[in-house]
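Single-structure report; data block below.
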Number of protein chains: 2
Amino acid sequence: MSQPESRQFRLIRRPVGLPKRDDFEFRVEPARPPEAGEVMVGVEYISLDPAMRGWMNEGKSYIKPVGLGEVMRAGAIGTVIESRAEGFAAGDVVTGPLGVQSVATLAAKDCLKVDPSLAPKPLFISTLGMPGMTAYFGLLAVGEPKQGETVVVSAAAGAVGALVGQIAKIQGCRVVGIAGREDKCRYIVDELGFDAAIDYKTESVPDRLRETCPNGIDVYFDNVGGQILDDCLARINLRARIVICGAISQYNSTTPVRGPANYLSLLVNRARMQGMIVFDWADRYPEGMRAMAGWLKEGKLKSREDIVDGLDNFPETLLKLFTGENFGKLVLKV
Amino acid sequence: MSQPESRQFRLIRRPVGLPKRDDFEFRVEPARPPEAGEVMVGVEYISLDPAMRGWMNEGKSYIKPVGLGEVMRAGAIGTVIESRAEGFAAGDVVTGPLGVQSVATLAAKDCLKVDPSLAPKPLFISTLGMPGMTAYFGLLAVGEPKQGETVVVSAAAGAVGALVGQIAKIQGCRVVGIAGREDKCRYIVDELGFDAAIDYKTESVPDRLRETCPNGIDVYFDNVGGQILDDCLARINLRARIVICGAISQYNSTTPVRGPANYLSLLVNRARMQGMIVFDWADRYPEGMRAMAGWLKEGKLKSREDIVDGLDNFPETLLKLFTGENFGKLVLKV
């Protein structure tokens, strides 16, 4: 077998503000042959997620930063080229932290074999992958919505937000999504069945929250932080639950993070604000995947992928997450 | 029976910043005779609490604001002068929202009869009263400390903080208190048995938290908000619990409340921040009072009251809470 080449983006500089192409080095090098217990995978679809911005920063976080000189970390799906691990064979389709590269060599135990006949491949890094599990466990296990309650979600047309809203509808909740463009707002109401949408770029969020949540907010699933978090805090009900899943408005900020000035609403309303990281639920992924796959099959969950072609476009494509340009789960096709 | 007079402080203006004497009107008027179901009470000790500052503000909160022209709300203990309520007789000692006045007439159902042979009267508005119940339920039911964990509490020499720390010690936790004067810091360590104290006025809180909490913070009981909340957020452990009980650093601020810039530590650490209001636990006060009385008797809980004589001194005495001048539970003796 001729040695395959891997085209790779390596992180060579810690970005200040928005990541730039110069923060990465594009390299083509021979793929490392697998050692015992490893597989070599031809990467097909790479998941681009807001969390990646955090992994580029130095300092203690829930996962260690990507080291300078290392291939940029990313979840992905691909096909095994060569295996030296039991239970894995060439031709198997796997998901895992394959990274921003065309060929990855990694421990088989970090990979999950999936059945590609069940769904199109990009779905395994979207609704049935990390964003799906984030929405499922973040909403149900941390947010604990009850039938008839009002759930608000920000970045509502994004990979996680769109699923959170649809799962909340399945639970019998009133669902309001906050998104940043008219077509996104139309999509979450007309296509996904949200009860209302707020366009934060053109509408007053406080006014629209008052109109669309006449009974207040019971669960707020926060993907954005900043002013929208404060606006929601001002409308929460007694014993409301705020799920802190992300803070995309703050990730590229070069000034200190802005704290929620209305946090004392937690005191007044005996409410809680709780952080969640999807990896904590790894033991329960099978449950989450079964539920999500079932709802997909029943037509209760819709999934939209924004697939951009060409590994070379990685740095610019990633930016779409932070400019609000992407629409649906952002995926890079290798 | 000659009609008694009531000396009263009525709120006549919503304070801006620190409350001033001019925000109140001192009046002497005939006490209202009780109607059916009411008692008339001679007020003896009035509890002065940081929460009173919030009650003076307009706007929705967990309890309605004191109306302009109304007697300032306050918890207190006194002796029934005249009763028209079943189960209450002249001479009974009661606690309740008697207000900042010398004679109160109110519904007997809002009063709790106590046995004055069990403890000195001020204790019923301190360790066995609202501050005691706040510490007991706030720490145990919201903070959920486990043996061996590290608990940090701010305003640690105050009415609630001193009890939180002592209850945490009883639970087998390592306890660090943050207070604002050397004698207070000495007191919580030497007299109350805290493991360490941090003087936020003269020491670097981040440095001292690093030294005194080598294993991080599992529970932070926050009475102050502001920079200290941020400093503690920076040191929390995985799955830490932050109890938001108050934010005395912000109550008199004339600029917007400062939100905790480090709130994303909740995300990184999958931690929660939760508000608590003591009134929610009213059904369980008997349990709390039994436990606290038992610990008092066993010598495991110490109580310190800062008793100021003279109803007339109310406005100036209240300020001691906000300047950090008081030491122990602040009580006004009528």
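Values below: every heavy atom of this structure, side chains too, minus hydrogens, waters and symmetry copies. As the structure is a prediction and not an experimental result, all values here were calculated from the model. In what follows, every chain begins at residue 1, and chains take the letters A, B, ... in the order their sequences are listed.
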Exercise for the section: Look at atom NZ of K109(B) and say whether more than 12 heavy atoms of other residues, nucleotides or ligands are closer to it than 6.0 Å. Expected result: no
Fill in the blank from the handout: Residue from C245(B), A271(B), G259(B), A261(B) scoring the most non-hydrogen pairs under 4.5 Å with chain A is G259(B)
Handout entry: Segment of I277(B) engaging chain A (4.5 angstrom heavy-atom cut-off)
Key = both
Problem - Residue pair L267(B) / M276(A): nearest heavy atoms and the distance that separates them - result: CD1-O, 3.1 Å
Exercise for the section: Start with the C-alpha distance between Y263(B) and I244(A), add both sets of side-chain angles, then the distance that settles side-chain contact (heavy atoms from CB on, under 4.5 Å), and finish with yes or no. Expected result: CA-CA 9 Å; Y263(B) 86 102; I244(A) 302 291; 3.9 Å; yes
Handout entry: Per-residue contact mode, N269(A) against chain B (heavy atom under 4.5 angstrom)
Key = side chain
Exercise for the section: Please determine, among R272(B), R270(B), R241(B), the option with the most heavy-atom pairs under 4.5 Å with chain A. Expected result: R270(B)
Practice task
Sort P260(A) into side chain, backbone, both or neither according to what part of it lies under 4.5 angstrom from a heavy atom of chain B.
Solution key: both
Exercise for the section: Using non-hydrogen atoms and a 4.5 Å limit, figure out which bit of L229(A) sits close to chain B: side chain, backbone, both or neither. Expected result: side chain
Practice task
Quick one: pull up CG in L266(A) and CE in M273(B) and give me the separation to the nearest 0.5 Å.
Solution key: 7.0 Å
